[in-house]
Structure formats: structure tokens, C-alpha cells
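Values in this document were obtained by computation on a predicted structure and should not be read as measured data. One is the number of the first residue; the rest follow in order along the sequence.
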Amino acid sequence: MKELNHRESAHAHLTERLPLPDYYGRNLDALHDCLTEMDDAELVVLDTEQADGYGEKVLQVLMDSALENPGIRLHLTTPLVTGDLTDEF
């Protein structure tokens, strides 16, 4: 998720991971436009708790696009809690 926290690295990462068209404008408006035009996509975002600054904006665009486009299935994850939980039971 950290790679989405800065504009340049976010759009580079998204371009590598998503089937975005060649004319993708590498900005949030263009991302929204491309996502809402996709026929079918499953998007998984790991460690959403690491979203900060620009990453929070990217997450919002992903969520908004998934609400507008029923062909997008968006899965947001957070890290699992690790450690010994036996003391709590």
C-alpha cells in the first residue's frame, strides 16, 4: 500500500498492475474514468492501514469507482493481528 502514497509511484504501480489503456492520464480523474469503463475487474488492495495522503485519495477513487461500476470487485485488506491470543480467552 505504501507505493500508493505518492502520486508518481502510485500511478506507476497502478499502470503495472491494472489493464489501463495507453491514453491513461496518470491522475485520479483519469483513474476513475478508466475504472468505471472497465467491463470486469477484481482489485485487491493490501494493508489499507498504510494509506496516507495521496494513498487515501487513491483508495477513495477505487471505492467510488467500484460503487459506480458493478463489474469491479474491490477487496480491501488490513494486516492480521499477530501474537499469542490465548491469554484473552
Checklist outcome for this item: In short, Glu3 meets Ser9 closest at the heavy-atom pair O-OG, 2.9 Å
Next on the checklist: Does Glu42 form a side chain to side chain contact (heavy atoms under 4.5 Å, CB included) with Leu74? I'd like the steps, not just the answer.
Outcome noted: CA-CA 6 Å; Glu42 186 159 3; Leu74 179 63; over 6 Å; no
Checklist entry - Would you find more than 12 non-hydrogen atoms of other residues, nucleotides or ligands less than 6.0 Å from Glu8 atom CD? => result no
Checklist entry - In Å and rounded to the nearest 0.5 Å, what is the CG to CE distance from Leu18 to Met38? => result 5.0 Å
Item to check | Side-chain touch Leu62/Val45, heavy atoms, less than 4.5 angstrom | outcome: yes
Checklist entry - Any donor and acceptor pair, going by atom type alone, linking the side chain of Asn69 with main-chain N or O of Leu35 inside 3.5 Å? => result yes
Item to check | His75 vs Leu43 side-chain heavy atoms within contact, under 4.5 Å | outcome: no
Item to check | Nearest heavy-atom neighbours spanning Ala30 and Gly25 | outcome: CB-N, 3.5 Å
Next on the checklist: Does Arg17, at its CZ atom, have more than 12 non-hydrogen atoms belonging to other residues, nucleotides or ligands within less than 6.0 Å?
Outcome noted: no
Next on the checklist: Is there a continuous path of hydrophobic side-chain contacts, each under 4.5 Å between heavy atoms, that joins Leu67 to Leu31?
Outcome noted: no
Checklist entry - Above 12 or not: heavy atoms from other molecules or residues under 6.0 Å from CG of Asp39? => result no
Checklist outcome for this item: Applying salt bridge (Lys or Arg N to Asp or Glu O under 4.0 Å) to Arg7 and not counting sequence neighbours gives none
Checklist entry - In Å and rounded to the nearest 0.5 Å, what is the CD to CG distance from Glu37 to Leu20? => result 11.0 Å
Next on the checklist: Run the side chain to side chain contact (heavy atoms under 4.5 Å, CB included) test on Leu14 and Tyr24 for me, step by step, so that the C-alpha distance in whole Å, both residues' side-chain angles and the decisive distance to 0.1 Å come before the verdict.
Outcome noted: CA-CA 10 Å; Leu14 292 166; Tyr24 170 57; 4.2 Å; yes
Checklist entry - Does the side chain to side chain contact (heavy atoms under 4.5 Å, CB included) test come out yes or no for Ile72 and Ser65, once each step is laid out? => result CA-CA 8 Å; Ile72 294 177; Ser65 299; 4.3 Å; yes
Checklist entry - Tell me, do Val58 and His11 make a side-chain contact under 4.5 Å, heavy atoms counted? => result no
Checklist outcome for this item: So CG of Asn5 and CG of Leu59: to nearest 0.5 Å the spacing works out to 8.5 Å
